[in-house]
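As structure tokens, the structure follows; a few thoughts come after it.
Count residues from 1 along the sequence.
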Amino acid sequence: MTAVAAGQPLPDGGDVLFGPIVSLSAWSVLVLMTVISLLKPRGPAPKPAEPVGALAPGGRNPL
């Protein structure tokens, strides 16, 4: 409004939109990184369960 009141030309539309677009992009990256950090597993991966009928150490059948 001050540009119009002072008789100056209005700013270009691209200049007006550039700030909010950059701000929204930065906010989106922040939200994405927060979601990823909350959803990722904590600590080392669990040890997979041994399959049924697995042999004991030394190749012996535990049954």
Side-chain angles (χ1 to χ4, degrees):
M1 274 317 271
T2 57
V4 174
Q8 300 173 350
L10 293 174
D12 184 31
D15 294 340
V16 173
L17 293 176
F18 185 69
I21 289 172
V22 169
S23 177
L24 181 62
S25 299
W27 183 82
S28 298
V29 169
L30 176 67
V31 169
L32 176 66
M33 297 303 283
T34 302
V35 168
I36 289 172
S37 70
L38 290 175
L39 293 180
K40 71 181 181 181
R42 302 284 181 210
K47 186 176 180 181
E50 298 216 7
V52 176
L55 295 177
R60 296 175 284 117
N61 191 344
L63 300 178

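Here Ile36 is tied into one hydrophobic group with Leu32, each link being a pair of ILVMFWY side chains closer than 4.5 Å. With side-chain heavy atoms closer than 4.5 Å counting as contact, directly or through intermediates, the hydrophobic cluster containing Met33 also holds Val29. Through direct or indirect side-chain contacts shorter than 4.5 Å among Ile, Leu, Val, Met, Phe, Trp and Tyr, Val35 is connected to Leu24, Trp27, Val31, Leu39.
With sequence neighbours left out, Ile21 forms a side-chain contact (heavy atoms from CB on, under 4.5 Å) with Leu17, Ser25. By the side-chain contact (heavy atoms from CB on, under 4.5 Å) test, Ser37 is found to be paired with no residue, residues two or more places apart in sequence or in another chain being considered.
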